[in-house]
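The structure appears right after this line, and notes come after that.
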Amino acid sequence: MNTLHVRKDDTVVILSGKDKGKKGKVLEVSPSERKVIVEGCNMVTKHVKPRRMGEPGGIVKAEGALYASKVMAVCPKCGKPTRSAHKFLADGTKVRVCKNAGCGETF
């Protein structure tokens, strides 16, 4: 089973590439390809053919997929990029925890 360190609706920061330093929300995760799609980042142009009568075709901008290793999750409490640690709660559920000093917030 493939799992990634980020999930859908996480806020992430881009670590490398043309959009380095940008923050965005994860729209889609593909664990089998180890890729994520981030809102407003890695914009690519697609040529779209009209499918129905009256529907326009043309060039459309859309978000492209990024390798998950190029993004880092942002802690919702301290607002800093962080690697996530895992912790088990008293009821046995496994949660992600911020590793920044003095934070320790679950997300």
**Results of salt bridge (Lys or Arg N to Asp or Glu O under 4.0 Å) for Asp91 - residues two or more places apart only** =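 Once residues adjacent in sequence are excluded, Asp91 has no partner under the salt bridge (Lys or Arg N to Asp or Glu O under 4.0 Å) criterion.
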So which pairs with a foot in [range] pass salt bridge (Lys or Arg N to Asp or Glu O under 4.0 Å), sequence neighbours left out?
{"range": "residues 65-82", "result": "none"}
{"range": "residues 27-45", "result": "none"}
{"range": "residues 96-107", "result": "Asp10-Arg96"}

Distance in Å, [X] [atom1] paired with [Y] [atom2], rounded so as to fall on 0.5 Å steps:
{"X": "Lys20", "Y": "Ile14", "atom1": "NZ", "atom2": "CD1", "result": "12.0 Å"}
{"X": "Lys94", "Y": "His86", "atom1": "NZ", "atom2": "NE2", "result": "5.0 Å"}
{"X": "Ile59", "Y": "Lys46", "atom1": "CD1", "atom2": "NZ", "result": "13.0 Å"}
{"X": "Cys98", "Y": "Lys87", "atom1": "SG", "atom2": "NZ", "result": "11.5 Å"}

**Asked** Can you name the nearest heavy-atom pair linking Cys78 to Asn100, along with the distance?
**Response**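 That would be SG-ND2, 3.5 Å.
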**Over all atoms of both residues, closest heavy-atom pair of Val97 and Phe107** =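 For Val97 and Phe107, the tightest heavy-atom pair comes out as C-CE2, 3.9 Å.
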Considering only distance and modelled atom types, tabulate donor-acceptor pairs under 3.5 Å from the side chains of residues 48-55, sequence neighbours left out.
none

Same cluster (ILVMFWY, side-chain, under 4.5 Å), [X] and [Y]:
{"X": "Leu15", "Y": "Val6", "value": "no"}
{"X": "Val38", "Y": "Val74", "value": "no"}
{"X": "Val12", "Y": "Ile37", "value": "no"}
{"X": "Leu4", "Y": "Val26", "value": "yes"}

**Message:** Any heavy-atom pair between the side chains of Asn42 and Lys18 that's under 4.5 Å?
**Reply:**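 In contact.
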**Prompt:** Who are the side chain to side chain donor-acceptor pair (under 3.5 Å) partners of Asp19, not counting sequence neighbours?
**Reply:**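 For Asp19, the residues satisfying side chain to side chain donor-acceptor pair (under 3.5 Å) (neighbours in sequence not counted) are Lys22.
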**Message:** When you measure from the side chain of Glu63 to the backbone of Gly40, do you find a donor-acceptor pair of N or O atoms at a distance under 3.5 Å?
**Reply:**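 Pair found, side chain donor or acceptor close to backbone of Gly40.
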